[in-house]
Amino acid sequence: MGWNIQLPDAEYYDLYSATLDGIVREVQDQKAVAIDTETDGLNIVECNPYYWSLSWTSENGRDRRLTLNANAFPAFKHIFSDYERNWVFVNAKFDAHMMENGKHPIKGKLIDVSVMHALLYEEEPHGLKDMARVHLGWKWTDFSDTFGKIRKGYCMCGGTYAAHKPKIDSKGNPIEGKYCKSTDCHCYMEATALEVLRRAEKDNHNLLVDYAANDAYGTWKLFHLMNKELAEAPTSSLYPDRWPYINTLYDYFYKTEVPFTRVLYACERNGIKVDKGYLQGIAPNIVKDMLELRKQMGELYGKPIIKVGGQWQTEYFINKCGIRPTKMTKGGASGIKKPSIDAKFLTYVAESFRGEDSSKMATLLLEHGAIAKQYSTYIQSMPGRLDGKDYVHMKLNQDVARTGRLSSSDPNMQNVTTGEKDRFHLRNAFICEKGEDMVVADYSQLEMRLLAAASQEPGMMEIFHRNWDIHMGNAAFVFNLPYDDIAAAKDIEKQVKKGKLPESAMTPYVWQCLKARADVKNIGFGLNYGMKERALAARMDCSVEEAVDKINQYMARYPAVRAFFDEAVEEVRDCGYAFTLMGRRRSLPDILAHKDYIRFRAERQASNMPIQGTAAETCKMAMINIYEDTELRTKYGYKMRLQVHDEILGTCPKEYTDIVKERIREWMEHPFPTDIGVPLLADIGSASSWGGAK
DNA sequence: ATACTGAGCGCG
DNA sequence: AAAGCGCGCTCAGTAT
């Protein structure tokens, strides 16, 4: 097996073990224990624990490695419900869900070794087996390699949805057998994880005990290692004058990430209610639209379109119509570069070849692209993701984004279409119960505010203190225009669009004001992403020389901003890390790379990390404060449900909406125990759906 | 059959 | 030669 670790004996206990009481007492005395569950699958809504394992270090220094039957849960009830206890997991939220599904929710602190590991080794995988192999030199086989494969076809309902289909025999009749219980899913289950588990417990119980105990033991060993490494990992604030509280990543982890795990668990657990009827109502129309578009494409092409995204596109536009590609793809593993047929190319074709078939085809493809993805991602797959009360429980991943942001998956609720592109009003499908309101709160210009705070640029700070629109303010300061004129220009533009003012109201001066605002907006945006003159010129629709000129003008007005970005890159060159306000760090070794494009990318990341990362922890702190404001939860019935980077979604009973909104505003605008020097502003709305609350 | 990758595109 | 940050999902194509 290649084990490079001293393994304590695996112990096994169940409800009938004579010594179970002794174990309970011993666990009760521990300050922290590692815990893991063996379940019948990976779905956080439907699956349950059947075995669980514990690991800790006894007073005599002996490591313990236990597997327990789920029937022993009740003996530990008082420990599970102890709010002060420390529980150590790998992938904490998953096991916390299993424990609650098994009717024994864990109330104590959720300490996630994956999250610890992500702070130290952001580029490495954070799974238990990977971490154990790399850091402990310890390998043990996967569950399925040990006990038999869980064959494809088993419904995981959080995994590969493509597999969720009824199994059909050669005559087209559904095959008798077990099907997933999930609503409208009905995929065929060949060998459930539960059956594999049952087989293992019958045929090879000792192996099962050994296997399960390893998971908790590995977690425990890694926990100690990561604790030590976090404590030895120096860090500091991006802004030490205002944030002197952090010396090591250990501080950062326990102050911020540990409480945050609990918040995310609550969000996942709460989920978001989906208006199934609404989706079912619009689905047939969308399918009809897609089929019609496909039919028209086939007519133009001359034969039926089997795969809309297939290679026929290249053949058609490039070979048949003779249009020169505007861009080639990267080539990938094979190195074969192909013409890029993306939205940009299609838009170009649609506009440049008006009246020709190629233009019509491009228009059809653009139209199809706009709806197909939305349909498959959010409409087709949604029924199989809903629980018995029509709630979808997305995952909110704490250990993925290098900057400290969250990511969302299964489904990804952070890229649900919005604005103009939300043509089916998908956001209206995310709703709350009758008698409740959806409370949608988002930060206004968070990253620009944090840039002003971090750079301490007086001009920019002044704009926020005056409560000006940041882009209008920047335009006024950078291009020496009166703020009121820019505000007026913006208003005139709006009126003309509505038809309330004639075109002639758009005087050259109005245009100048609007262009000034658009330019500083692009520059501010571009700065954050480390854009160079060329990309900015493209965005601002001007020559590179003009772009350089405008950037220089901007920087001349805001020298502290230039200094901030220069120093951000310089700091990474000096010490290898970029920092956030609260002391999260990101390693960027490529900052010294010889190849320009690798080094430049690291420089862009170095510029972006302090701002994006600090924005992430601003929202993170607000969420922690809101969650830990127990009145909000218990007295006013607020339930947090989702975060979309600078937006926090939740629900509450209608009677408390106003008070909840004000309380949330307070926390969002004052997320830190210290004043960062720039006011933060939150826009808060409420309605009966996500879409309505904007 | 199943797994992986690149391209493309949605969001902040 | 490569020049816009951070994510996740779907599809098509290819590798195993």
Side-chain angles (χ1 to χ4, degrees), chain A residues 122 149 151-153 159-163 190 306-314 327-346 365-366 368-378 380-381 394-397 399-422 426-427 442-443 445-447 522 525-539 544 568 578 586 588 593 595-613 615-616 619 642-647:
Chain A
E122 55 267 59
K149 241 194 162 52
R151 269 166 297 168
K152 201 70 184 190
T160 316
Y161 279 84
E190 300 196 46
I306 313 296
K307 293 175 177 182
V308 177
Q311 277 303 306
W312 68 271
Q313 292 185 2
T314 312
K327 207 180 86 185
M328 300 300 267
T329 61
K330 268 168 75 183
S334 63
I336 302 166
K337 293 183 198 300
K338 294 172 182 165
S340 186
I341 312 283
D342 54 13
K344 206 174 157 196
F345 174 82
L346 293 173
L365 277 168
L366 284 167
H368 186 273
I371 60 180
K373 175 90 179 282
Q374 287 182 57
Y375 178 72
S376 54
T377 310
Y378 293 106
Q380 207 174 32
S381 84
M394 77 304 289
K395 290 179 186 159
L396 295 172
N397 311 305
D399 55 7
V400 175
R402 267 52 141 189
T403 52
R405 270 188 171 185
L406 285 182
S407 85
S408 164
S409 58
D410 303 312
N412 181 357
M413 293 296 294
Q414 290 179 325
N415 70 344
V416 180
T417 331
T418 182
E420 298 271 293
K421 284 175 182 158
D422 186 14
L426 269 184
R427 276 153 115 109
D442 69 304
Y443 278 108
Q445 292 300 336
L446 180 56
E447 294 199 354
N522 279 322
F525 192 59
L527 277 175
N528 237 337
Y529 297 159
M531 271 163 95
K532 295 230 190 290
E533 308 83 56
R534 227 189 52 180
L536 262 169
R539 268 195 82 91
V544 175
R586 176 178 184 180
L588 291 167
K595 289 185 180 164
D596 286 352
Y597 79 100
I598 300 222
R599 193 175 65 254
F600 288 160
R601 184 177 58 210
E603 287 175 3
R604 292 193 296 274
Q605 292 167 329
S607 304
N608 182 249
M609 166 69 179
I611 301 300
Q612 184 180 127
C619 198
L642 177 64
Q643 181 243 54
V644 188
H645 310 304
D646 62 357
E647 176 178 353

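So that the names make sense, note that chain A is the first sequence line, chain B the second, and so on, each numbered from 1.
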Exercise for the section: Find the distance between CG (A:Asp342) and CD (A:Gln313) and round it off to the nearest 0.5 Å. Expected result: 10.0 Å
Handout entry: Interatomic distance at P, B:dG8 relative to C:dA3, whole Å
Key = 14 Å
Exercise for the section: Describe the nucleic acid contact of A:Arg539 in one word from base, sugar-phosphate, nothing, applying a heavy-atom distance below 4.0 Å. Expected result: base
Problem - A:Ser376 side chain near C:dC11 phosphate (N/O to OP1/OP2, under 4.0 Å) - result: yes
Fill in the blank from the handout: Closest non-hydrogen atoms of A:Gln374 and A:Leu426, given as atom of the first, atom of the second and distance, are OE1-CD1, 3.6 Å
Problem - Minimum-distance nucleotide (side-chain atoms of A:Thr329 versus B:dA7, B:dC11, C:dA3) - result: B:dA7
Exercise for the section: Among B:dG10, C:dG4, B:dC9, find the nucleotide with the atom closest to the side chain of A:Tyr529. Expected result: C:dG4
Exercise for the section: Report which part of the nucleic acid A:Gln311 touches: base, sugar-phosphate, or nothing (heavy-atom distance under 4.0 Å, all strands). Expected result: sugar-phosphate
Problem - Closest non-hydrogen atom pair between A:Ser408 and A:Leu396, with its separation - result: CB-CD2, 3.9 Å
Practice task
Can you check whether any acceptor in the base of B:dG10 is under 3.5 Å from a donor in the side chain of A:Asn415, or vice versa?
Solution key: yes
Practice task
Would you classify A:Arg405 as touching base, sugar-phosphate or nothing, given that sugar-phosphate means primed atoms plus P, OP1 and OP2, and contacts are heavy atoms under 4.0 Å?
Solution key: base
Practice task
Compare side-chain N and O positions of A:Ser407 against OP1 and OP2 of C:dG8 and report whether any pair is under 4.0 Å apart.
Solution key: yes
Problem - Heavy-atom side-chain contact between A:Arg604 and A:Met531 under 4.5 Å - result: no
Practice task
Measure from the side-chain heavy atoms of A:Arg604 and tell me the nearest of C:dG8, C:dG6, C:dA3.
Solution key: C:dA3
Practice task
Indicate, with a heavy-atom threshold strictly under 4.0 Å, whether A:Arg599 touches base, sugar-phosphate, or nothing.
Solution key: nothing
Practice task
Classify the nucleic acid contact of A:Lys307 as base, sugar-phosphate or nothing, counting any heavy atom under 4.0 Å across all strands shown.
Solution key: sugar-phosphate
Practice task
Look at all strands and tell whether A:Gln612 reaches a base, only sugar-phosphate, or nothing, counting heavy atoms closer than 4.0 Å.
Solution key: base
Exercise for the section: May I ask you to say what A:Ala372 touches in the nucleic acid, namely base, sugar-phosphate or nothing, with a heavy-atom cut-off under 4.0 Å? Expected result: nothing
Exercise for the section: Would you indicate what A:Asp342 reaches in the nucleic acid, counting non-hydrogen atoms under 4.0 angstrom: base, sugar-phosphate, or nothing? Expected result: sugar-phosphate
Practice task
Consider only side-chain N and O atoms of A:Ser409 and A:Asn397, and report whether a donor and an acceptor are under 3.5 Å apart.
Solution key: yes
Problem - Of the listed nucleotides C:dA3, C:dG8, C:dG6, the one nearest the side chain of A:Ser409 - result: C:dG8
Handout entry: Residue A:Thr403, side-chain heavy atoms: nucleotide from C:dG6, C:dG8, C:dA3 that is nearest
Key = C:dG6
Exercise for the section: Using a 4.0 Å heavy-atom cut-off across all strands, classify A:Ser607 as base, sugar-phosphate, or nothing. Expected result: nothing
Problem - Phosphate contact (C:dG6 OP1 or OP2) by A:Gln605 side-chain N/O below 4.0 Å - result: yes
Problem - Partner nucleotide, any strand, of B:dC9 [Watson-Crick/G-U, under 3.5 Å] - result: C:dG8
Practice task
For the pair A:Arg402 (side chain) and A:Arg586 (backbone), establish whether a donor and an acceptor sit closer than 3.5 Å, ignoring hydrogens and angles.
Solution key: no
Problem - Per A:Asn412 side chain, nearest of listed nucleotides C:dA2, C:dC9, B:dG8 - result: C:dC9
Fill in the blank from the handout: When rounded to the nearest 0.5 Å, the distance separating CG of A:Leu536 from CG of A:Asn522 is 7.0 Å
Problem - Out of B:dG12, C:dC11, C:dG8, whichever nucleotide has its closest atom nearest the side chain of A:Asp646 - result: B:dG12
Exercise for the section: For A:Ile598, answer base if it contacts any base atom (sugar-phosphate contacts may also be present), sugar-phosphate if it contacts only those atoms, and nothing otherwise; contact means non-hydrogen atoms under 4.0 Å. Expected result: nothing
Practice task
Identify whether any heavy atom of A:Lys338 sits under 4.0 Å from a base atom; if not, whether one sits that close to sugar-phosphate; answer base, sugar-phosphate or nothing.
Solution key: nothing
Practice task
Answer with base, sugar-phosphate or nothing: what part of the nucleic acid does A:Gly526 contact at a heavy-atom distance below 4.0 Å?
Solution key: nothing
Problem - Nearest-neighbour nucleotide for the A:Arg601 side chain, C:dA3, C:dG6, C:dC5 considered - result: C:dC5
Completion exercise
A:Lys421 has its side chain closest, among C:dT10, B:dG10, C:dG4, to B:dG10
